[in-house]
Amino acid sequence: MYRCKMLAVALVTLAFSGLAESDGIDGFNFTPLDASANSADWKPASPWKVPKGFKQRVVSDETDLNIYDGGRNDWHDMNTVNETGPEKGRYLYRTHELRNPNSQPEGGSVSVVDLKTGETRILVQDSGYDALDGIRWTPWGTILFAEEITDGRLFEIFLEDDRMTAKRVVDRAAVGRIAHEGIDLDPDGNLYVIDEHHGRTSGCNGDVPCGGGVYKFVPDVAGDLSAGALYALKVNGRDGVGQGEWVGPIDPLNVRESGSAAGGQSYQRPEDLEIIGDTLYVAITEGPRDTKVDRRGRLVFTSELYEGRVIAIDLHTLQVTNFVKPGVNAPVEIGKPGEEGHQSGFDSVDNLAEAPNGDLVMIEDNNPSDIWFASQVTNAFGASRSVTLFASLTDPGAEGTGIYFSPEDPDTLYVNVQHSAADDGDGTWAISREERKGK
Ligand SMILES: [Ca+2]
Ligand SMILES: [Ca+2]
Ligand SMILES: [Ca+2]
Ligand SMILES: [Ca+2]
């Protein structure tokens with residue numbers, strides 16, 4: 001807490017536009033929350049603090065499908081629907097991020113919910129799947145999902161025509177063995193992934209910085225992830241922003257070290273990524289913790305110390321900028337709601353999503369987990385001009401994950417509750433505007 005108070009002195013006077021009305025499309029305009037949720041207000045039946053005029057409902061929770069029984073939470077993680085093809089938008093697919101060391105003999109799972117009938121079932125499960133995290137629908141009608149462990153795998157699911165049954169699952173080793181989370185594709189079929197690693201402080205075999213990069217896989221044939229070349233993002237500038245370039249090809253079986261050997265930029269725990277238009281956004285969950293010690297041996301805190309940020313990579317120019325950063329265009333978070341001196345702020349950003357109007361939606365891996373919207377309108381330095389607090393999670397044990405807008409339903413924000421304080425208490429929620437009277 002001492003560190004946070006020092007930060008407040010350094011940063012709280014900087015300007016941000018956190019209280020402006022969102023410029024979202026009709027149906028998702030909102031008046032931002034004035035503060036994060038307080039866990040003293042936790043109601044398991046309505047765990048989200050939402051803006052006036054919004055409501056929440058369970059899409060599917062552990063009363064519908066309890067994959068890991070006996071009180072074990074199912075760790076719902078990321079979401080996608082079938083975004084293309086027949087009956088697009090009808091099926092919601094979710095990864096479950098359980099970890100094998102925590103006595104989960106079943107291994108990781110991907111589940112599917114029929115949003116029309118409510119039927120929910122396991123799509124794939126394997127005792128070898130560990131910490132399943134990112135998930136993405138491909139334009140060619142398959143599902144990608146991946147493991148968030150060192151040397152984790154990325155898999156492709158081919159579906160039967162019912163879209164609730166897996167035909168086969170293929171390990172796509174060519175795209176890289178890394179601690180996967182975010183997965184996205186550009187219109188040319190190139191795949192972008194990250195290495196969720198503390199590249200600035202943990203590094204590789206004693207070398208820091210190392211790993212924790214952003215990577216681009218260029219397939220030999222668009223739509224076929226079996227073969228291609230993998231590149232790392234190199235950035236010429238301070239703190240991982242400035243002019244970028246793709247370096248490589250690098251070794252997909254040794255991404256962390258070969259990416260760094262090629263000059264790849266190390267970040268401090270990148271997690272999710274999201275392409276909107278021509279921009280690749282990457283959530284970097286932690287700050288670099290660049291503390292210094294003064295002549296009296298006291299820690300000195302600098303503006304280089306912050307709790308996570310979102311960077312933006314222009315996929316044409318490869319300019320890399322800070323898009324949302326606490327103390328720049330979002331408030332610094334100080335303490336916890338209910339504590340003296342608390343300031344609601346932006347801390348430990350994790351998952352990203354595209355809003356129907358092109359805003360970037362962001363959720364914190366934090367207690368409480370806040371959901372923020374950032375406008376793509378930026379200042380001269382590439383920072384969003386409007387960052388607003390949309391919702392916040394009251395559950396004292398949980399983080400919110402898997403924020404997602406289906407392209408078929410611009411009025412609903414899907415979001416998961418992961419590792420709830422309630423036994424078998426995880427699930428998928430939908431937040432949407434209340435019906436207006438007279439409609
Ligand atoms: Ca369970
Ligand atoms: Ca993660
Ligand atoms: Ca926060
Ligand atoms: Ca995460």
Side-chain angles (χ1 to χ4, degrees), residues 4 16 18 32-39 49 60-79 95-99 102-104 106 109 111 120 122 131-135 146-149 152 179-183 194-197 269-274 282-286 306-309 324 326-327 330-337 339 342-353 362-372 387-394 398-403 415-420 422-427:
C4 290
F16 65 93
L33 299 183
D34 57 357
S36 301
N38 188 328
S39 61
K49 179 178 179 179
S60 182
D61 64 12
E62 299 199 33
T63 62
D64 300 306
L65 176 70
N66 189 355
I67 304 174
Y68 306 91
D69 60 10
R72 292 174 298 164
N73 286 317
D74 282 15
W75 283 64
H76 299 60
D77 194 57
M78 305 271 259
N79 294 310
T95 46
H96 297 265
E97 198 190 345
L98 279 90
R99 285 156 197 268
N102 299 339
S103 66
Q104 318 296 349
E106 302 94 335
S109 310
S111 66
T120 305
I122 296 171
L132 300 187
D133 203 318
I135 193 165
E147 296 176 309
E148 191 231 299
I149 53 170
H180 282 287
E181 179 157 330
I183 305 166
I194 55 79
D195 173 24
E196 187 181 336
H197 182 61
R269 197 178 166 204
E271 293 212 58
D272 204 3
L273 50 76
E274 185 74 34
V282 184
I284 315 291
T285 301
E286 297 185 22
Y306 52 86
E307 290 295 347
R309 58 176 162 159
V324 180
V332 173
E333 183 165 297
I334 304 167
K336 296 288 178 198
E339 291 178 357
H342 165 67
Q343 175 175 288
S344 297
F346 189 79
D347 187 329
S348 301
V349 59
D350 188 340
N351 292 170
L352 305 177
M362 306 163 287
I363 189 165
E364 300 171 356
D365 176 359
N366 191 14
N367 190 346
S369 265
D370 291 330
I371 300 176
W372 300 82
V387 181
T388 51
L389 181 59
F390 172 69
S392 187
L393 184 58
T394 59
E399 65 177 287
T401 60
I403 44 172
V415 60
N416 294 330
V417 171
Q418 186 187 74
H419 51 79
S420 172
D423 288 350
D424 288 322
D426 289 356

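Quick caveat: nothing in here was measured; it's all calculated off a predicted structure. As the structure lists them, so they are numbered: ligands from 1, and atoms in each ligand from 1.
Side chains of Asn351 and Glu271: no donor on one and acceptor on the other come within 3.5 Å.
An angle of 130° is found at the Ca ion (ligand 3) between Glu364 atom OE2 and Glu333 atom OE1, rounded to 10°. For the pair OE1 of Glu181 and OD2 of Asp350, the angle whose vertex sits at the Ca ion (ligand 4) is 150° to 10 degrees. Rounded to 10°, the angle that OD1 of Asn66 and O of Arg72 form at the Ca ion (ligand 1) is 160°.
Taking backbone and side-chain atoms together, Asn73 has no N/O/S atom less than 3.0 Å away from the Ca ion (ligand 1). In summary, an N, O or S atom of Asp74 is located under 3.0 Å from the Ca ion (ligand 1). Between the Ca ion (ligand 1) and Glu62 there is an N/O/S contact shorter than 3.0 Å. The Ca ion (ligand 3) lies at 3.0 Å or more from every N, O or S atom belonging to Pro368. Look at Asp426 and the Ca ion (ligand 1): no N/O/S atom of the residue is under 3.0 Å from the metal.
With respect to Arg72 and Glu62, no salt bridge is recorded, no charged nitrogen being found less than 4.0 Å from a carboxylate O.
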Practice item. Start with the C-alpha distance between Arg99 and Glu147, add both sets of side-chain angles, then the distance that settles salt bridge (charged side-chain N to carboxylate O under 4.0 Å, His left out), and finish with yes or no. Key: CA-CA 10 Å; Arg99 285 156 197 268; Glu147 296 176 309; over 6 Å; no
Point to revise | Test log, rule salt bridge (charged side-chain N to carboxylate O under 4.0 Å, His left out), inputs Arg269 and Asp195 | key: CA-CA 7 Å; Arg269 197 178 166 204; Asp195 173 24; over 6 Å; no
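Below 30°, between 30° and 60°, or above 60°: for Trp75 and His419 the angle between ring planes is between 30° and 60°, a tilted geometry.
Its N, O or S atom nearest to the Ca ion (ligand 4) is what matters here, and for Glu271 that atom is OE1. Minimum-distance N/O/S atom of Asp424 relative to the Ca ion (ligand 1): OD1. When you scan the N, O or S atoms of Asp370 for the one nearest the Ca ion (ligand 3), you land on OD2.
The six-membered or imidazole ring of Trp372 lies away from that of Phe390, with a centre-to-centre distance of 6.0 Å or more.
Taken from CD in Gln418 to CG in Asp74, the straight-line distance is 10.5 Å, to the nearest 0.5 Å.
No option in Thr394, Asp347, Asp370 other than Asp370 meets the side chain to side chain donor-acceptor pair (under 3.5 Å) test with Ser36.
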